[in-house]
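Please read the structure below before turning to the comments.
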Number of protein chains: 2
Amino acid sequence: MDTILRVRCNGTGIPALTTHSIGTYAGLGGRGMTSKVICAEVPADCHPLGPENKLVFAPGLMSGTAAATSGRLSVGCKSPLTGTIKEANAGGTAAQALAKLGYAAIIFEGEAKGDALYRLVIDEKGAKVEPADEYRMLPNYALRDKVQEEFGDKVSLISIGTAGEMRMSNSTIAVTDPEFRPTRHAGRGGVGAVMGSKGFKCIIVNAEKASIRKPALPEAFKAANKKFVEGLKSHPVTGTGLPAFGTNILTNILNEAGGYPSRNFSTGRFEGAGSISGEAQAELERARGGNPTHGCHKGCVIKCSGIYVDKEGNYLTKQPEYETVWSHGGNCGIDDLDAIAMMDRLDDDYGLDTIEMGATIGVAMEAGVIPFGDKEGAINLIHQVGKGTPLGRILGAGTAVTAKCYGLERAPVVKNQAMPAYDPRAVKGIGVTYATTTQGADHTAGYAVATNILSVGGHVNPLGSEGQAELSRSLQIATAALDATGYCLFIAFAILDQSETFDAMVDSINAMYDLKLTGGDVVALGQDILRMEREFNKAAGFGPAHDRLPRYFTREPLAPHGVVFDVPEAELDSVYNF
Amino acid sequence: MDTILRVRCNGTGIPALTTHSIGTYAGLGGRGMTSKVICAEVPADCHPLGPENKLVFAPGLMSGTAAATSGRLSVGCKSPLTGTIKEANAGGTAAQALAKLGYAAIIFEGEAKGDALYRLVIDEKGAKVEPADEYRMLPNYALRDKVQEEFGDKVSLISIGTAGEMRMSNSTIAVTDPEFRPTRHAGRGGVGAVMGSKGFKCIIVNAEKASIRKPALPEAFKAANKKFVEGLKSHPVTGTGLPAFGTNILTNILNEAGGYPSRNFSTGRFEGAGSISGEAQAELERARGGNPTHGCHKGCVIKCSGIYVDKEGNYLTKQPEYETVWSHGGNCGIDDLDAIAMMDRLDDDYGLDTIEMGATIGVAMEAGVIPFGDKEGAINLIHQVGKGTPLGRILGAGTAVTAKCYGLERAPVVKNQAMPAYDPRAVKGIGVTYATTTQGADHTAGYAVATNILSVGGHVNPLGSEGQAELSRSLQIATAALDATGYCLFIAFAILDQSETFDAMVDSINAMYDLKLTGGDVVALGQDILRMEREFNKAAGFGPAHDRLPRYFTREPLAPHGVVFDVPEAELDSVYNF
């Protein structure tokens with residue numbers, strides 16, 4: 001994994017490919033690689049859709065090896081949604097395929113002019129760019145069908161839907177799962193629009209003839225990975241909760257905690273939560289012949305994913321995540337799993353981030369475009385986006401723009417990115433993360449919910465302001481490091497609670513690369529990534545005034561606890577003191 | 001002029017009125033007053049449409065006196081368009097009426113909840129708030145008709161059109177002219193949306209029984225004002241050019257200079273400029289029985305305004321300004337004065353800033369919504385905005401949002417506000433003003449065109465980068481001071497060139513208030529206002545990275561001169577060194 005592939009889009013003519021040795025980027029993977037390339041090569045003040053921005057794909061350091069649950073693919077750029085640096089990562093099979101083929105990064109540069117659309121095809125013989133005008137405005141599933149006809153279903157597909165082609169600020173990059181379904185997405189921050197601005201519809205990666213990456217110290221690796229797997233399987237979250245119910249196990253938990261943002265963040269409980277909970281979802285899937293326990297890539301031992309089938313038992317979409325069920329469910333006053341699953345399918349198909357899309361619909365509901373609870377209306381709104389009608393152009397530009405177009409204050413965003421499924425007033429640690437992460441509001445950047453609500457890695461009272469900045473700081477650092485490895489963030493539950501599992505992870509990396517990293521080195525890696533990202537943002541114009549929640553979260557109390565967000569600004573400004 | 005009227009909107013029920021003595025705001029007028037109130041009373045991080053923002057109306061220090069050309073009304077708030085502090089000022093009759101009634105400021109506070117709409121009625125007996133639901137979604141001209149039925153045409157009307165009611169980021173506050181037409185607008189920055197967010201449709205000011213404000217030293221005042229008027233009448237711009245042709249005299253001049261931004265700032269000359277020039281416009285008006293020489297308020301001796309009549313000789317709109325003719329004309333590839341006049345009428349009627357609206361249509365044309373040159377299409381787009389269709393919601397949110405919704409880099413904006421009718425690549429002094437003013441891209445904040453192109457106040461080569469920062473600095477300071485006086489900015493042509501006219505202006509102020517201000521005091525006043533505004537913006541999150549033009553202006557050369565914007569960033573950052 002020591003090759004960098006550069007794809008230079010010069011506006012007219014077929015984009016040029018060059019391959020490079022990894023050089024100064026040696027030792028970097030995942031978010032460590034994407035953020036380093038963006039910081040080193042992209043002017044912070046450039047337009048995200050202009051020729052100076054770059055789009056970087058990087059498998060994690062452990063991707064393509066036998067390390068369990070290490071199939072994450074990082075996608076980095078300057079974000080069209082937030083204007084900050086962005087790293088969005090996805091599961092699916094592509095990271096392993098790219099890593100096995102030896103690619104440490106693929107970097108798209110320049111910009112497309114005119115209408116020509118291209119695809120990048122990579123296999124063991126090399127890479128080539130080919131015209132792909134016949135893919136124009138295909139949603140991801142139809143594109144998948146066409147690619148499957150030509151390449152079979154053993155390749156990996158990385159693609160944008162119609163939203164990315166239309167350069168919408170809400171647009172994802174989809175990655176296929178083991179069944180060649182475009183269900184895993186680098187979702188946040190509009191990375192699909194950047195791919196669209198480079199004129200690329202998809203990347204097809206054929207690693208069938210490539211071998212798994214060999215560790216430097218095979219025996220040590222095998223032993224460490226075995227201990228690591230045991231740790232994942234023995235922890236109640238990664239070994240039991242997530243496999244059985246997926247992330248949607250959180251619906252009842254957050255609702256009970258009064259931190260479930262309902263009807264555009266107007267209250268912390270949703271009366272319909274029970275009918276869209278993970279428990280209800282898993283039962284429905286089993287009853288219909290779906291599957292609540294499925295891995296999004298080979299080698300995952302957590303298997304939080306699942307298969308959602310319709311009333312006739314036919315595949316509809318992957319099991320919607322907690323965030324998706326919330327954003328299209330409680331946040332919109334909708335308590336119907338089939339409607340939510342249909343929206344998940346449409347989001348995947350058009351290439352839309354489910355969190356952003358659901359938050360946007362919530363704002364549109366508050367604006368009176370459709371009423372809260374209108375599930376047919378909500379489904380229709382997603383079609384509007386996917387087809388690019390004027391209303392769809394508003395919604396596809398994201399939650400903040402939608403609120404702006406309708407003259408509303410109540411846009412639940414930080415740095416223009418929609419908050420996920422945890423109300424920051426009732427789960428204050430995650431509020432600190434929303435406010436201060438380099439990525440705009442993002443739960444995965446420092447998942448304080450673990451400690452605030454699930455008591456993983458200790459416990460910090462979710463309703464108090466004390467200790468939240470420190471908690472968020474530690475988690476943001478740990479996450480940045482994890483995002484560099486290719487390991488799925490969900491291993492965090494086990495490694496935060498079980499020191500032997502953390503050690504097994506570090507030992508696995510050491511055995512892979514013949515290194516002697518310590519836990520302290522992992523922390524230092526995370527700190528380096530965050531510092532670098534924050535410098536980029538600073539140069540792009542972000543400062544303390546942007547590390548804030550919208551003012552109404554400090555003004556409007558949230559039922560049932562009657563709490564506002566009251567972590568002092570000085571605490572927010574202390575998060576990067578390391 | 002020592003009363004402050006506060007209008008407190010509490011969400012439900014009729015807003016409460018309180019009157020206060022001027023207190024700590026004594027000695028302030030116009031922009032000096034509005035910016036001081038905003039800086040002192042509004043949290044910089046508030047949402048522009050939320051309850052913490054305030055909307056301030058303030059006549060200038062000389063408004064309501066016999067001082068010539070002193071009828072400007074300042075409107076201040078945190079801007080929904082830019083997120084910065086905002087002062088937009090308008091001509092018309094309202095500043096004089098308010099000043100004669102003794103009001104130094106009217107301050108709207110709080111926010112409206114629910115649908116109720118109100119009006120504020122002010123006369124010599126006092127002020128009252130009344131329900132005004134029957135005005136809902138009336139355009140300004142229809143509102144004017146209804147108000148005229150009830151109050152006659154001798155009152156002043158300050159109002160929002162449908163755009164302000166819909167809280168669009170492009171929405172103005174209209175002020176009636178001497179013929180009770182809603183043609184003078186506090187145009188920039190979406191001030192109408194803030195009025196809409198407070199639940200007020202209009203202010204009706206009846207000053208028929210009020211007297212002109214008396215100077216402290218009547219004889220000295222009379223003598224100074226006489227000299228001042230002579231100065232205005234003898235200067236070629238204020239005495240000849242503006243009265244004869246209005247501001248549209250600039251079309252041929254800027255086009256000749258290669259700084260006329262055509263078809264969304266893609267080139268610096270427009271082949272149809274001649275047919276929409278001020279010369280052609282004045283000739284057409286005269287031929288049809290219109291009037292190219294008209295004052296927007298009593299006591300104006302420049303009379304740059306005019307009356308545009310249709311082919312049948314019926315009033316259509318006021319004579320469109322240069323900026324309007326450019327934005328809807330050359331910037332959209334349209335060379336038809338009647339179409340432009342119709343758009344001007346519609347902008348005034350719906351309450352839209354003509355600069356922002358035209359720049360937005362230019363972006364929509366580049367996005368392919370309609371083709372360049374499509375005048376019927378452009379007129380239709382304005383109707384979409386005024387009616388609030390989804391497409392109209394996009395366009396009404398301004399140029400930057402429109403570009404964002406359509407995934408375009410080429411949005412000619414600074415701090416989200418559209419650039420006016422001078423390409424910053426070919427008129428670099430105005431580029432410095434666009435980049436650095438506290439207001440977002442705004443030509444009136446430091447009109448370097450005067451010196452770059454018209455050789456007023458000296459000459460600085462428009463195509464070079466030397467001296468532009470210094471020029472912009474001086475003009476921004478002078479303008480901030482002028483905006484506090486109520487004098488129209490157009491007196492600047494005369495006072496920059498003729499020291500005796502500048503002295504006469506200062507003497508007029510001194511005689512009015514029995515002061516001994518010097519020219520240095522005027523400069524200090526301007527500096528104080530700018531410093532205060534800049535501090536507000538800093539607290540709102542703006543820094544050097546925001547004092548930049550969009551990157552494509554530094555990358556794409558502008559024909560015919562083949563120039564890019566190349567004033568060094570260090571020079572831009574030096575503008576506030578005073």
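In what follows, every heavy atom counts, from backbone to side chain, and hydrogens, waters and symmetry copies are set aside. Every chain is numbered from 1 and lettered A, B, ... according to where its sequence line falls, protein lines coming before strand lines.
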Write down the atom of A:Lys404, the atom of B:Ser169, and the distance for their closest heavy-atom approach.
CE-OG, 3.4 Å
Engaged part of A:Leu395 at the chain B interface, taking heavy atoms whose separation is under 4.5 Å:
neither
For A:Glu409 against B:Pro51, the heavy-atom pair lying closest together
OE1-CD, 3.6 Å
Part of A:Tyr406 within contact of chain B (heavy atom distance under 4.5 Å):
both
For A:Ile394 and B:Ile394 the tightest heavy-atom approach is CG1-CG1, 3.2 Å
If you count heavy-atom pairs under 4.5 Å between each of A:Ala397, A:Gly396, A:Cys405 and chain B, which one has the most?
A:Cys405
Check each atom of B:Glu52 against the heavy atoms of chain A and say whether the ones under 4.5 Å are side chain, backbone, both or neither.
side chain
What distance do B:Ser197 atom OG and A:Leu408 atom CG have between them, rounded to the nearest 0.5 Å?
11.5 Å
If one checks every heavy atom of B:Arg555 against chain A at 4.5 Å, the contacting part turns out to be side chain
Test side chain to side chain contact (heavy atoms under 4.5 Å, CB included) applied to B:Val369 and A:Arg393, step by step:
CA-CA 12 Å; B:Val369 177; A:Arg393 287 281 185 179; over 6 Å; no
Closest heavy-atom contact between A:Asp45 and B:Glu569?
OD2-OE2, 4.2 Å
Residue A:Ala540 versus chain B: region with a heavy atom under 4.5 Å:
backbone
Which atoms of A:Ala539 come close to chain B, meaning under 4.5 Å heavy atom to heavy atom: side chain ones, backbone ones, both, or neither?
backbone
Would you name the heavy atoms of B:Ala545 and A:Gly541 that are closest together and state the gap between them?
CB-CA, 3.5 Å
Which atom names give the shortest non-hydrogen contact between B:Arg167 and A:Gly407, and what distance separates them?
NE-O, 2.6 Å
